[in-house]
Amino acid sequence: MKKTSIFLSVMIAGIFLVASTRRTVSHGDGLVKGTPDIQSISAISFGNNGILFIGDSKMATIFAVDTKDAKTNQKAAAVNMENIHEKIAAALGTMKENVTITDIAVNPMSKKVYIAVQHSSGSPAILKIDNEKIMSLPLKDIKSSQIALNDVVEQDAKDQRGRPLRVSTITDIGFHNGKVLVSGLSNKEFGSTLRSIPFPFTNKQDQTSLEIYHTAHGRYETAAPIKTFTTGKINGKDYLIASYTCTPLVLFPLDELKPGSHVKGRTVAEMGSGNTPLDMITVKKGSESFLMMANTSKPLARLNIKSIEAFEGTLTEKVSGTAGAGFDQLSLKDVLQLDRLDNDHVVMIQKKSNGNIDLWTAADDNLQ
């Protein structure tokens, strides 16, 4: 899940995508063999059986790719790679200035870390860490399927400040109860949208428009998309837990996100303006669950789910500073990406004080 400005160059044969719509040989889960026409990678997330979902904002399409990485690993090995940006560049024999890391995701079966990168030429690619070796995931002649999103903003659409809107077609993706959840913008009057797409893909995709009270701005908003989200149980009920720029934390009951509906979320925390959330996960520590969020200008934040459950109200007034459910700011700064490695460990990409970019694993108990 999200958008780190690390620059690398990926120039080995087979790592870049060849635009093609050729499809042959049908397989399970609706996958067919061919070369998917992936033109950008905004976000990635794993489903079941080693299926990697790739969100492509440029194509406004979700791709499902068989990684052939479905062997269950009961015990995850810690992954620690200092100067990962330099090591990837060196392994590929290229300069580091040409590629941006857009997301990371851990395969819940194999526990291998996958990294999405975007080359400055426009070519996307997927890398994986296998026994601390950097390898490419071939995206040519593979088993895949895809679904084009409905009601997307035009390629040349811009906001009031002249910034392109198409890049926000897909801001984050996740997989929950057999469905791919996709946050981003649509071309509808209320642009902020959550799409729910059953997998295997058919023609079915449900859309819900979203509204929140933005506490830093002091108003209700429907145009700004979710920046990052996860799912979790709050008082025994399934919720979409989402965060937006500046950084309100909002709950949406999953059972209310119905096709064609307009849902107003419950703003349960304001975590500080002048900041953009980058990535968000839920972790367990003993009998308790925690929400962890990486940010652009603030340290890694941790919220005990109990603190969210205890806050029964909704923030509906402008906030300067923080408010609502309590949270801790940990000592870890400049965390750019994170995901659960297993039940007890988190893997993250972090920019260190000396400028190095490291990929490393932390036990939940050590995240202070």
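Side-chain atoms of S183 and D172 include no donor-acceptor pair closer than 3.5 Å. Side-chain atoms of N150 and Q207 form no donor-acceptor pair, as typed in the model, at a separation below 3.5 Å. The closest side-chain donor-acceptor pair between S297 and N275 falls under 3.5 angstrom. Using modelled atom types, one finds no donor on one side chain facing an acceptor on the other under 3.5 Å when comparing T169 with S57. If you check the side chains of N73 and S110, you find no donor sitting under 3.5 Å from an acceptor. Side-chain contact of T361 with H345: a donor-acceptor pair under 3.5 Å is absent, judged by distance alone.
Remark: the backbone N or O of V106 is paired with a side-chain donor or acceptor of D339 at under 3.5 angstrom. Side-chain atoms of S168 never come within 3.5 Å of backbone atoms of G184 as a donor-acceptor pair (strictly under, hydrogens ignored). The main-chain N or O of D141 is found under 3.5 Å from a side-chain atom of T35 such that the two form a donor-acceptor pair. The closest donor-acceptor contact from the side chain of S192 to the backbone of T222 lies at 3.5 Å or more, if one exists at all. Side-chain atoms of S40 come within 3.5 Å of backbone atoms of K58 as a donor-acceptor pair (strictly under, hydrogens ignored). Formation of a donor-acceptor pair under 3.5 Å by the R166 side chain with backbone atoms of V153 is found in this model. Checked by atom type and distance alone, the side chain of T171 pairs as donor or acceptor with a backbone atom of I226 at under 3.5 Å. Of the possible polar contacts, one joining the D279 side chain to the L338 backbone as a donor-acceptor pair under 3.5 Å is found. Between the side chain of T193 and the backbone N or O of S209, no donor-acceptor pair lies under 3.5 Å. Listed for the D342 side chain is no donor-acceptor partner under 3.5 Å among the backbone atoms of R340.
Two residues are said to be in side-chain contact when any heavy atoms from C-beta on lie closer than 4.5 Å; M292 and V283 meet this criterion. Inter-residue side-chain proximity for T247 and K227 is flagged as unmet; no heavy-atom pair is nearer than 4.5 Å. The closest side-chain heavy-atom distance from V65 to I51 is not below 4.5 Å. Under the 4.5 Å side-chain criterion, counting only non-hydrogen atoms from C-beta, M109 is in contact with N107. Side-chain contact between Y239 and P253: present, with at least one pair of heavy atoms (C-beta onward) separated by less than 4.5 Å. Using a 4.5 Å heavy-atom cutoff, the side chains of E211 and F190 are not in contact. In this structure the side chain of F252 reaches within 4.5 angstrom of the side chain of I212, judged on heavy atoms. Side-chain contact between T208 and H262 is absent, with no heavy atoms from C-beta onward closer than 4.5 Å.
One finds the CZ atom of F290 at 8.5 Å from the CG atom of D328 (value rounded to the nearest 0.5 Å). A distance of 8.5 Å separates CG of L336 from CD1 of I101, quoted to the nearest 0.5 Å. The line from CD1 of I142 to CG of L31 is 9.5 Å long, rounded to the nearest 0.5 Å. Rounded to the nearest 0.5 Å, atoms CG (L249) and CG (L303) are 6.0 Å apart. The NE2 atom of H85 sits 12.5 Å away from the CG atom of L359 when rounded to the nearest 0.5 Å. Between atom CG of residue D358 and atom NZ of residue K352 there is a gap of 4.0 Å, rounded to the nearest 0.5 Å.
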N/O donor-acceptor pairs under 3.5 Å from side chains in residues 311-324, not counting sequence neighbours:
none

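Heavy-atom minimum distance, T61 versus I170: O-CD1, 3.8 Å. Here the shortest heavy-atom pairing between T282 and T230 reads CG2-CG2, 3.8 Å. Considering all non-hydrogen atoms of both residues, D56 and Q39 come closest at OD2-N, 2.7 Å. M280 approaches S243 most closely through the heavy-atom pair CE-N, 3.9 Å. Here the closest non-hydrogen pair linking A362 and M348 is CB-CE, 4.4 Å. A pairwise comparison of heavy atoms in S145 and D29 identifies OG-O, 4.4 Å as the closest pair.
Taken together through direct or relayed side-chain contacts under 4.5 Å among Ile, Leu, Val, Met, Phe, Trp and Tyr, V167 and I62 form parts of separate hydrophobic clusters. In the hydrophobic clustering of this structure, M59 does not group with I38; members are Ile, Leu, Val, Met, Phe, Trp, Tyr whose side-chain heavy atoms approach within less than 4.5 Å, directly or through other members. Y213 and L251 fall into different hydrophobic clusters, defined by Ile, Leu, Val, Met, Phe, Trp and Tyr side-chain heavy atoms under 4.5 Å apart, directly or through other members. Under the 4.5 Å side-chain heavy-atom criterion for ILVMFWY residues, a single connected hydrophobic cluster contains both V180 and V152. The cluster map of Ile, Leu, Val, Met, Phe, Trp and Tyr, joined by side-chain heavy atoms under 4.5 Å apart, puts L185 and L210 in different clusters.
Taking a cutoff of 4.0 Å between a charged side-chain nitrogen and a carboxylate oxygen, K306 and E288 qualify as a salt bridge. The pair K204-D206 meets the salt-bridge criterion, with a side-chain N (NZ, NE, NH1 or NH2) lying under 4.0 Å from an Asp/Glu carboxylate O. Ion pairing of K258 with E256 is absent here, as no side-chain N (NZ or NE/NH1/NH2) approaches a carboxylate O to less than 4.0 Å. Checked for salt-bridge contact, D334 and K351 miss the test: no charged N lies under 4.0 Å from a carboxylate O.
Screening I84, I126, T102 against I115 for a side chain to side chain contact (heavy atoms under 4.5 Å, CB included) leaves a single residue, I84. When each of F53, Y114, F199, F175 is tested with F46 by the rule ring pair (Phe, Tyr, Trp, His ring centres under 6.0 Å), just one qualifies, namely Y114.
For E82, the CD atom counts as loosely surrounded, since its 6.0 Å shell holds 12 or fewer non-hydrogen atoms of other residues, nucleotides or ligands. Other residues, nucleotides and ligands contribute more than 12 heavy atoms inside 6.0 Å of the CZ atom of R266. D255 CG: more than 12 foreign heavy atoms inside a 6.0 Å radius.
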| task | Apply side-chain contact (heavy atoms from CB on, under 4.5 Å) to N295 and L300, showing your working. | result | CA-CA 7 Å; N295 304 281; L300 190 69; 5.9 Å; no
| message | Show, in sequence, the C-alpha distance, side-chain angles and deciding distance for R302 and L291, and conclude whether the side-chain contact (heavy atoms from CB on, under 4.5 Å) test is met. | response | CA-CA 6 Å; R302 180 178 61 190; L291 183 72; over 6 Å; no
| said: Does I41 form a side-chain contact (heavy atoms from CB on, under 4.5 Å) with V117? I'd like the steps, not just the answer. | reply: CA-CA 7 Å; I41 301 179; V117 297; over 6 Å; no
| message | What verdict does the ring-ring contact (aromatic ring centres under 6.0 Å, His included) test give for Y220 and H214, after you've listed the backbone C-alpha separation in whole Å, the side-chain angles of each residue and the deciding distance to 0.1 Å? | response | CA-CA 6 Å; Y220 286 96; H214 197 299; over 10 Å; no
| task | Assess whether side-chain contact (heavy atoms from CB on, under 4.5 Å) is satisfied between K298 and Q329, documenting all intermediate values. | result | CA-CA 8 Å; K298 298 181 184 297; Q329 287 189 335; 3.8 Å; yes
